[in-house]
Amino acid sequence: MSSTPPEPVLIFDSGVGGLSIHAALTARLPGLPLVYACDNAAFPYGPWPQAELVERVHTVLDALIARYQPQLVVVACNTASTVALPRLRQDFKVPFVGVVPAIKPAARLSRNRIIGLLATPGTVSRPYTDQLIADFAADCTVVRLGSTTLVEWAETKLRGRPVDLNALRQLLAPLFAHERGPVDTVVLGCTHFPLLVEELQAATPEPVLWVDSGNAIARRVETLLGKPVDNRPVAARAVFTARHDDVEELRPALAQRGFGIIEFLPV
Ligand code: DGL
């Protein structure tokens with residue numbers, strides 16, 4: 001096993017979704033030493049009951065923090081962030097940045113005040129999400145669409161297989177069938193979904209604004225690090241919690257994003 005870069009930023013998700021956050025981070029802070037961790041042993045998080053998910057995320061981050069000694073952790077997963085952040089911040093010293101649905105910017109951008117929230121079944125039904133909507137989109141109609149299928153399709157795409165656009169069209173139909181009218185803005189409230197943005201665009205009956213949290217997270221990380229980042233790109237590493245066969249299929253997508261090292265930390 002090669003040595004870990006000094007004080008990396010740890011990006012954590014159940015699967016490949018956090019790579020959308022990784023893209024925003026590396027665009028803003030190209031020299032940042034990074035470790036990308038996938039809890040593929042417990043993927044997908046969307047259907048997990050809340051209390052069990054908090055325990056699982058805590059256990060995995062405990063192992064990851066011990067192994068990689070990060071200077072900061074990005075919980076690049078809305079499903080985990082909307083329930084686990086208070087416990088993580090209480091139990092670990094390292095600072096955490098969480099990703100939650102971008103309801104606030106979407107409400108600012110929507111012209112017809114009809115917004116879609118595309119996220120996992122867990123995220124669309126969380127009290128945290130209800131509160132975000134009450135605080136920032138009280139004057140909007142929010143059409144919530146929870147989907148694990150879409151998460152699976154993002155995983156499949158990164159393994160080199162195409163997404164079925166007809167099936168995607170059907171899946172998205174409820175966003176355009178609300179009695180008040182079609183959505184004009186959609187929150188991508190799962191980090192897997194920006195990885196599908198071309199397919200989403202191709203499958204919608206009319207143009208919509210897709211809003212995600214990537215750039216806001218990159219700005220937040222930059223603010224918290226409080227020091228200039230070396231501009232040389234560094235070989236990042238990707239770590240998985242299970243040695244599943246399909247990890248190999250991710251190698252090209254990971255290499256394209258600068259991940260030269262793949263390793264396993266069974267949890
Ligand atoms: N990428 C994740 C999110 O942002 C979780 C997907 C899943 O494991 O269900 O919610």
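Just so you know, ligand 1 is whichever comes first in the structure, and atom 1 is the first atom listed for that ligand. Heads up: numbering here begins at 1 and tracks the sequence.
Tested against Thr141, the residues Arg113, Glu179, His178, Arg180 include a single side-chain hydrogen bond (donor to acceptor under 3.5 Å, both in side chains) partner, Arg180.
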Only distances under 3.5 Å count here; give the side-chain donor-acceptor pairs of residues 165-177 to other protein atoms, sequence neighbours excluded, each with its distance to 0.1 Å.
residue : atom : partner : partner atom : Å
Asn166  : OD1  : Arg169  : NH1          : 2.7

For a quick test of your reading: what N or O donor-acceptor pairs under 3.5 Å do the side chains of residues 42-54 make, sequence neighbours left out?
residue : atom : partner : partner atom : Å
Tyr45   : OH   : Asp39   : OD2          : 2.6
Trp48   : NE1  : Ala42   : O            : 3.1
Trp48   : NE1  : Pro44   : O            : 3.3

What are the polar N/O contacts of ligand 1 with the protein below 3.5 Å, with distances?
residue  : atom   : partner : partner atom : Å
ligand 1 : 1 (N)  : Asp13   : OD1          : 3.1
ligand 1 : 1 (N)  : Asp13   : OD2          : 3.2
ligand 1 : 1 (N)  : Thr191  : OG1          : 2.9
ligand 1 : 1 (N)  : His192  : ND1          : 2.8
ligand 1 : 4 (O)  : Asn78   : N            : 2.9
ligand 1 : 4 (O)  : Asn78   : ND2          : 3.1
ligand 1 : 4 (O)  : Thr191  : N            : 2.8
ligand 1 : 4 (O)  : Thr191  : OG1          : 3.2
ligand 1 : 8 (O)  : Ser14   : OG           : 2.6
ligand 1 : 8 (O)  : Tyr45   : N            : 2.6
ligand 1 : 9 (O)  : Tyr45   : N            : 3.3
ligand 1 : 9 (O)  : Gly46   : N            : 2.8
ligand 1 : 10 (O) : Asn78   : N            : 3.4
ligand 1 : 10 (O) : Thr79   : N            : 3.0
ligand 1 : 10 (O) : Thr79   : OG1          : 2.5

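Electrostatic pairing of Asp130 and Arg126 does not count as a salt bridge here, judged by no charged N lying under 4.0 Å from a carboxylate O.
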Take Arg219 and Glu222 through the test salt bridge (Lys or Arg N to Asp or Glu O under 4.0 Å) and record every step on the way to the result. CA-CA 5 Å; Arg219 283 196 301 274; Glu222 189 179 32; over 6 Å; no
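Listed by chain and residue number, nothing satisfies the salt bridge (charged side-chain N to carboxylate O under 4.0 Å, His left out) test with Asp245 (two or more places apart in sequence, or in another chain).
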